[in-house]
Each structure stands twice: as C-alpha cells, then as structure tokens.
Protein chains: 2
Amino acid sequence: MNIGDVATRTGLPPKTIRYYEDIGLVVPGRSDNGYRQFREQDLHKLTFLGRARTLGFTIEDCRTLLALYEDETRASSDVKRVAKSHLAKIEAKITDLQAMRDTLTHLVDCCAGDDRPDCPILRDLGSSS
Amino acid sequence: MNIGDVATRTGLPPKTIRYYEDIGLVVPGRSDNGYRQFREQDLHKLTFLGRARTLGFTIEDCRTLLALYEDETRASSDVKRVAKSHLAKIEAKITDLQAMRDTLTHLVDCCAGDDRPDCPILRDLGSSS
DNA sequence: ATAAAGGTTCCAGTTAGGGGAAGGTCAAGT
DNA sequence: ACTTGACCTTCCCCTAACTGGAACCTTTAT
C-alpha cells in the first residue's frame, strides 16, 4: 500500500506519516521504485497513533503507549499510569483556561464596546495586579 | 533601570524582555556601556504584556492591544472585538479538552491497573473509531 | 587582584508537523 | 510513442514564544 492510500485510510496527512517514520514510530518497507510500502500492521499502528494524538497524548507518550501496545506481557497498570498522568495535565490546562475565560468574560461584559475610548479591559491589563 | 530590576518588578524573565525588544514590543534606551535602560513607561508596557500573556493573548494580539492602549482616541469596541475573539478561542479549547478528559476518564476508570496485560485503554486506542 | 554577579550578542533547540521546490514514477489518453 | 496529470521522493525553511548555553564584557565586592 502506498502512502496516499494509508493517508486516506488512517485520516493522517502524508506529511505526518513521513514524519512518524522520521522519528521512528513506524518503519514501512520500500518498493524498488523507492516508494514506501505499508503493511496492515503499519496501518494499524498509524491508526493507533492518530487516535492517541486525538486524545492529546504527546508524541513521546505515544511512543511509550505503542511500546506497551506491542508488548503482550505489559501490565495494564503501566498504561494506566501514562493515561492518568496525561489526564492530570489536561485537567490542569482546563483549570487554567477556565480562569482565563472567567476573567476575560468579566472584562468583556464590563466593556461598553462603543466609540468611546474608555475601556475596562485595557484598564485591567494596564494595572499591575 | 537595568534589565534585572525590570525582571524582578514585572515578573518576566530577562530573556523574555530581550525577546520582546527583538520583536519590537518595547524599545528601551541604552547606556554608554551597552546595557539596556528601561524607563517607567517601559516597565508599564512590560507589565501590560505580562498580564495580557497571562490571559492567553498571543503576541500579535498583544501588539494590537498595546497599540490600542497607547492610542488615547481608540474606540472601546476595537478592544472588545479582540478580547471576544480570544475568548471564543479559549472556549473552543476548553470544549476540546473537556472531550478529551471525558474520554480519557472513562478509559482510565475501565482499566484495572494491575499486573495483567488486558487493558481497555490500549484496546480503545487500537480501534479505528 | 580577583571573583561573583550582572550585562551583551548570537546560535540552537523546543512541538508536531506544514509549505513548497525540484525531481523521479506510473497509468491513462491521444 | 508521447504527453499529461497524479502520485511519490528528498530537502530545506517556517511556525510560537520563548529557553538554554557559549563566549565575552562590565560592575561591584572582597
């Protein structure tokens, strides 16, 4: 299977697939003409990667998860640890963003948004707090 | 005032302050020895930048906001527009992260996390859905 | 005199790819 | 047989917003 077909079937852009080969996440074979040749196994791995990335795992997380995925003797606790650590980061980010949102919402609500120059948003940004 | 003092008073690292000069957000003077000399006005601008960045505005947003801040004749609606656009992006990100969190939470809850290899997390990642 | 603490510039690296150039290959149509 | 267009290849530069480090200079304290 050529890279275009893999791209279609996994939903990943060809560029991304080549990148994943570059950093050693997949190792497709090569045809005589130099084209990459993907097997079902590669496709499966790439699908795995796409799904993990959708869930916000970093590439390094993906590398770890992929190794666990391929290790038939792994302990599920190892996987759970990675997932929980990632989950904690996501929750921290959500908390951060919510704080930003709350502050900004308040400021936006306070701003008249008309032709006059007076603006509570700028007033807040200009204060040291 | 030297960069170190400015760093202390604004909470921004010296590296960041130099970077902001590089990209033209502040233009401190120079002493005979080549050291940057910051005035109160620069300090004020940097504080503004620090606060705006804390609220997640991009550097380009900051550039816009700073220009509005310095323009005594701006319309508050211009500021409000930038803020609302940023707010929308923040809310989109929160929604994204919440979806990730919900999926991951579910998966983590389903995983025994023991010595056995069976793991719903990997099972999910491996499936095309 | 010397050493520590501060300042300077410049270069490289970070994430996870995206854009685009220059060129080789393959299948179809004329 | 030739050409066209779609596909593939490698290569290099670009992104955001800094951070780290090297090599070097200046000021301050001992």
Side-chain angles (χ1 to χ4, degrees), chain A residues 1-38 42-43 45-46 48-66 85-86 89-90 93 96-97 100, chain B residues 1-39 42-43 45-46 48-66 82 85-86 89-90 93 96-97 100:
Chain A
M1 213 178 345
N2 284 349
I3 200 168
D5 303 320
V6 178
T8 305
R9 291 183 54 186
T10 60
L12 298 171
K15 280 274 190 187
T16 299
I17 298 171
R18 293 194 192 100
Y19 174 66
Y20 288 170
E21 184 190 359
D22 268 3
I23 61 174
L25 289 179
V26 274
V27 186
R30 294 284 176 149
S31 304
D32 289 347
N33 59 12
Y35 287 18
R36 288 171 181 79
Q37 276 308 318
F38 296 85
D42 300 317
L43 205 108
K45 261 179 155 179
L46 287 166
F48 181 99
L49 288 169
R51 180 102 177 98
R53 294 285 301 126
T54 297
L55 287 176
F57 285 99
T58 66
I59 290 287
E60 284 318 302
D61 283 341
C62 289
R63 201 186 294 279
T64 302
L65 290 172
L66 209 46
S85 153
H86 179 45
K89 282 178 205 145
I90 288 178
K93 261 187 209 169
D96 260 23
L97 287 171
M100 286 183 200
Chain B
M1 212 178 346
N2 284 349
I3 200 168
D5 303 319
V6 178
T8 305
R9 290 182 56 185
T10 60
L12 298 171
K15 281 273 191 188
T16 300
I17 298 171
R18 292 195 193 99
Y19 174 66
Y20 288 169
E21 184 190 0
D22 268 2
I23 61 174
L25 288 179
V26 274
V27 186
R30 293 285 175 149
S31 306
D32 290 346
N33 58 13
Y35 286 18
R36 288 170 182 80
Q37 275 308 319
F38 296 85
R39 288 151 304 179
D42 301 317
L43 205 108
K45 262 179 153 180
L46 287 166
F48 180 100
L49 288 169
R51 178 100 177 101
R53 293 287 300 126
T54 296
L55 288 176
F57 285 100
T58 66
I59 289 288
E60 285 317 303
D61 282 341
C62 289
R63 202 185 294 279
T64 303
L65 290 172
L66 211 45
V82 176
S85 152
H86 179 45
K89 284 179 204 144
I90 288 178
K93 262 188 206 167
D96 260 24
L97 287 171
M100 287 184 199

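Throughout, protein chains are lettered first and strands after them, A, B, ... in sequence-line order, and every chain is numbered starting at 1.
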Residues within residues 6-28 of chain A bordering DNA chain D, heavy-atom distance below 4.0 Å:
A/Lys15, A/Arg18
For B/Thr58 and B/Arg53, which heavy atoms make the closest approach, and how far apart are they?
CA-NH1, 4.0 Å
Take the protein atom CD1 of B/Ile3 and the nucleotide atom P of D/dT19, then report the distance between them rounded to whole Å.
12 Å
If we fit an axis to the first five pairs and another to the last five of the helix from C/dA1-D/dT30 to C/dT30-D/dA1, what angle do they make, to the nearest 10°?
30°
Go along nucleotides 24-30 of chain D 5' to 3' and tag each nucleotide: B for a protein heavy atom under 4.0 Å from its base, S when only backbone or sugar atoms are that close, - otherwise.
--BS---
Where chain A begins and ends its contact with DNA chain C, read 5' to 3' at 4.0 Å from heavy atoms
C/dA16 to C/dC26
To the nearest 0.5 angstrom, please state how far the CZ atom of A/Phe38 sits from the CD1 atom of A/Ile3.
4.5 Å
Distance-only donor-acceptor check, side chains B/Gln37 and B/Asp42, under 3.5 Å:
no
B/Ser31 side-chain N/O to B/Gly34 backbone N/O, donor-acceptor pair under 3.5 Å
no
Euclidean distance, A/Leu55 CG relative to A/His86 NE2, rounded to 0.5 Å
6.5 Å
As an exercise, state the distance from NZ of B/Lys45 to CZ of B/Arg39, rounded to the nearest 0.5 Å.
8.5 Å
Sequence neighbours left out, what passes side chain to side chain contact (heavy atoms under 4.5 Å, CB included) with B/Thr54? Give chain and number order.
none
OG1 of B/Thr16 to CG of B/Leu46: how many Å apart, nearest 0.5 Å?
10.0 Å
In terms of heavy-atom contacts, B/Phe48 and B/Leu66 come closest through CD2-CD1, 3.4 Å
Which side-chain N or O atoms in residues 17-27 of chain A pair as donor and acceptor under 3.5 Å with protein atoms at least two apart or in another chain?
residue, atom, partner, partner atom, Å
A/Glu21, OE1, A/Arg36, NE, 2.4
A/Glu21, OE1, A/Arg36, NH2, 3.3
A/Glu21, OE2, A/Arg30, NH2, 3.4

Rounded distance (nearest 0.5 Å) linking atom CE of A/Met1 with atom CG of A/Leu43:
4.5 Å
Whole angstrom value for the distance that separates P of D/dT9 from CG of A/Asp32
14 Å
To the nearest 0.5 Å, tell me how far A/Phe57 CZ sits from A/Arg63 CZ.
15.5 Å
Phosphate OP1/OP2 of D/dA16 contacted by B/Arg53 side-chain N/O (<4.0 Å):
no
Nearest non-hydrogen partners of B/Ala7 and B/Pro13, listed with the distance:
CB-C, 4.5 Å
